[in-house]
Colleague: 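Got a structure for you, questions after.
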Amino acid sequence: MTEALFTPLTVGDLTLKNRVVMAPLTRNRAKPEDDTPYDIHAEYYGQRAGAGLIITEGTQVSPEGKGYAWTPGIYSPAQVAGWKAVTDAVHAKGGLIAAQIWHVGRISHTSLQQDGAAPVAPSAIGAESKTFDGTGFVETSVPRALTLQELPRLVDDYRKAAQNALAAGFDAVEIHAANGYLIDQFLRDTSNTRTDAYGGSVENRVRLLREVVAAVAEVMGAGRVGVRLSPFSNANNVGIDSDTVATFSAAIDVLNDAGVAFLHMVEGQTGGPRDWPAGALESLRDRFTGVYMANNGYTRDTAIAAVADGKADLVAFGKLYISNPDLAERLQADAALNPLPTSGLYGGGREGYTDYPSLSGRAA
Ligand code: 8OZ
C-alpha cells in the first residue's frame, strides 16, 4: 500500500513520476523593484524537483492582482525571464512545474497598488483581514467594485498570464480560486453582492471562474490546467457561502465542462482543522471527473492511506516542503523529516529558503 503514493500518474497531458505534489507556498522573496524571481528561486524550486509536480507560489497576473510585498508576478518580460530560469532548473532535474496564477482581489492595500488605487473586488465590501506591506501587517483596504465593462480585461489578464507561463516553460498552470482571493470572492454570496451577470445566482457567481478557465485552457490546453478551491475555508475572512455544496458543485461543474486536468482541494480550513459538514467534501470530490489533488495537513501515513483508499489521486504538501527539499524521496524511504521552521517563512534571502539539508546531509 505504501507504493500507492510513489507510482506514476497521468494527469491531463502530463505524466507525474509520483503522487507527491509541492503545494503553492508564498515566500515573499521576489525582487522589490519589479516583482521578478531571483536566481535563488531557480535554486529553491530545482531542489524540490523530486516532487511529481511542483506548484509555484502565487504569482500575480497583473500589478492590480498583488496583495503582499515581494510576491512575484507573471505579466512582464523580466518576470517571464526569471521564471524561465526556474522551469529550466526544475526540468534539468527531471521535474514538472505549474505556475499558480493569482489575483488577490480585495486582499490588498492601497500602498501595494499603482498610484495608491483601491484594490478591486466583486463588491465594495472590506475583508476585515490583514496583509503585509513590506514594513508590517496592515488592515486590507476597502475595495472598489469592478464594473461590468472591465471584467473582460480581467479575464484577459489571466489569459496573458497563461501565455507568459507557456513562454516561461511551465508544464501547466494552476488557477488560484481559493483562500478568499478574487475568484473565490466572486464565488461566494458573502463577498459577492453584485446584481449583474456576475452576481446573485450560483450560475452568475461561477461566471468569472468559467471565463478564466476557458481563457487559460485555450492557451494551455485543458490537459495542462488545474484549479485550486477551498470551499470550507474562511481564509482571509472571505465568509462561508450560504450554500457551500450548491455553490461549489456549480464551480466543479465548470471544471468538468472544461475538462481541466486536476482539482486541487484545500480540505477544511486552510492550514487549519480538516473540518467540513458531514459528507460535503466527499460529495464535491466525487463530483469532479478529473484528477483529485488533496491538500491540508497530510502526513506520510494519511497520504499513503488516502491514495490507497481512492480518496485522493495526488497529495499536495506545503509546510513539509519548506524544510524538506527532498520530501518525496524522504517519504518514500520513510526517512526522518527536518523540523518545520519557525522563522524565515516570509521575506529574506537564502536563509530558511535554500539551505535545508537533503538526506545526503548537504543543501539539496
Ligand atoms: C500566505 C501568505 C500570503 C499569501 C494563500 C497565496 O493563502 C496565499 C498566501 C499564503 O493562498
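All ligand and atom numbering here is 1-based and tracks the order in the structure.
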Colleague: How does Y181 reach ligand 1, if at all, at less than 4.0 Å between non-hydrogen atoms: by side chain, backbone, both, or neither?
Modeller: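 It is the side chain that touches ligand 1; the backbone stays farther off.
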Colleague: At a 4.0 Å threshold, what atoms of ligand 1 neighbour a non-hydrogen atom of Y68?
Modeller: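 Matching atoms, with element in brackets: 3 (C), 4 (C).
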Colleague: Could R274 and F232 be counted as a cation-pi pair, given that NZ or CZ must be under 6.0 Å from the ring centre and within 45° of the axis?
Modeller: no
Colleague: Do V291 and F6 share a hydrophobic cluster, counting only Ile, Leu, Val, Met, Phe, Trp and Tyr and linking them when any side-chain heavy atoms are less than 4.5 Å apart?
Modeller: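 Different clusters.
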Colleague: Which bit of H176 gets closer than 4.0 Å to ligand 1, counting heavy atoms only: side chain, backbone, both or neither?
Modeller: side chain
Colleague: Could you tell me which atoms of ligand 1, counted from 1 in the order shown, lie closer than 4.0 angstrom to a heavy atom of Y346?
Modeller: 1 (C), 2 (C)
Colleague: Which of the numbered atoms in ligand 1 are under 4.0 angstrom from any heavy atom belonging to W102?
Modeller: 6 (C)
Colleague: Within ligand 1, which atoms have a heavy atom of N179 less than 4.0 Å away?
Modeller: 5 (C), 7 (O), 11 (O)
Colleague: Of Y44, Y321, Y346, which meets ring pair (Phe, Tyr, Trp, His ring centres under 6.0 Å) against Y353?
Modeller: Y44
Colleague: Give me the ring orientation class for W83 and Y45: parallel if the planes are under 30° apart, tilted from 30 to 60°, perpendicular past 60°.
Modeller: tilted
Colleague: Do V266 and L229 belong together in a cluster built from hydrophobic side chains that touch within less than 4.5 Å?
Modeller: no
